[in-house]
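Structure record follows, encoded as structure tokens.
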Amino acid sequence: MVKVKWLGHAAFSIHNEKHNILIDPFITGNPTSPVKTDDLTADYILITHGHSDHVGDAFQIAKRCDSLLIVPNELGVYAEGLGLRVHRMHIGGAADFDFGRVKLTAAFHGSAIIDENHNIIYTGMPCGFLITIDGKTIYHAGDTALFGDMELIGKRNPIDLALLPIGDNFTMGPEDAAYAVGLLKPKIAVPMHYGTWPIIDSSPETFRDLVDSPKTHILIMRPGEEIEL
Ligand code: NI
Ligand code: MN
């Protein structure tokens, strides 16, 4: 039985009896985070791109737990430079791990680590993740615009759970995310990447009401809430 917990923003924990996987664990500085960094453990940490609201506390947790980072190549090279364990991948590629399979999908966005002096370190293309675990397929879209190839992703993968940004401004807003649901055709869709700050304060109810996909259940989660697939 795989369980998925929303940690606020784009951060999720996916876990079963054996494995603890974190995605984009932005905890410190996340006003909606229901947990403390020190309470999180992970054997794997997946990061969609280099922005601080996605790398978050990943490096700190990885150091403490000896987690394996599964990340886009250039972000992986950066993390290797910090002495962390890394499995580098890139868009279109899949790989098997002891918990299941991970495939990197395209995401239309940017990716960089930016320091306090506004120096930009390029960290490759941003991505989304298709994660297969315990026979279930979870799609974490990352930060992205709506794009037509979501239809291909939906056609070629039976998605049990789609995690979709709806916050607008930096990513899809509710209207585009609702259209994305029609392309992806997941069993369940959960909105994310909204409400963290005023600039991405969009309405999950608007998203839900705009979805015209009778086979999909739209689930509006609260940070800290967990579902079982
Ligand atoms: Ni971003
Ligand atoms: Mn973001």
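Just follow the structure's listing: the first ligand is 1, and inside any ligand the first atom is 1. Heavy-atom basis, side chains included; hydrogens, waters and symmetry copies ignored.
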Problem - the Mn ion (ligand 2) to nearest N/O/S of His54 below 2.8 Å - result: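 An N, O or S atom of His54 is closer than 2.8 Å to the Mn ion (ligand 2), so yes.
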Handout entry: His109 backbone or side-chain N/O/S under 2.8 Å from the Mn ion (ligand 2)
Key =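 Checking His109: none of its N, O or S atoms is under 2.8 Å.
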Fill in the blank from the handout: Which atom of Asp53 is nearest the Mn ion (ligand 2), counting N, O or S only? It is OD2
Practice task
Check all N, O or S atoms of Asp143 and name the one closest to the Mn ion (ligand 2).
Solution key: OD2
Exercise for the section: State, to 0.1 Å, how close Cys65 and Ala42 come at their nearest heavy-atom pair, and which atoms those are. Expected result: CB-O, 3.5 Å
Handout entry: Minimum heavy-atom distance between Asp43 and Asn20, given as atom pair plus value
Key =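 Asp43 and Asn20 have their closest heavy atoms at OD1-O, 2.5 Å.
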Practice task
For the pair His49 and His54, name the ring-plane relationship: parallel under 30°, tilted 30 to 60°, perpendicular over 60°.
Solution key: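 Tilted.
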Exercise for the section: Would you check if the Ni ion (ligand 1) lies under 2.8 Å from any N, O or S atom of His54? Expected result: no
Handout entry: Three-point angle His51:ND1, the Ni ion (ligand 1), His109:NE2, rounded to the nearest 10°
Key = 90°
Exercise for the section: Decide, yes or no, whether a salt bridge links Glu80 with Arg88 under the criterion of side-chain N to carboxylate O below 4.0 Å. Expected result: yes
Problem - Minimum side-chain heavy-atom gap Tyr44-Asp98 below 4.5 Å - result: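 The answer is yes, as the side chains (C-beta and beyond) meet within the 4.5 Å cut-off.
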Practice task
Show your reasoning for whether salt bridge (Lys or Arg N to Asp or Glu O under 4.0 Å) applies to Arg222 and Glu225.
Solution key: CA-CA 5 Å; Arg222 293 178 310 278; Glu225 191 177 337; 3.5 Å; yes
Problem - Name of whichever N/O/S atom of Asp143 is nearest to the Ni ion (ligand 1) - result: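 It is OD2 of Asp143.
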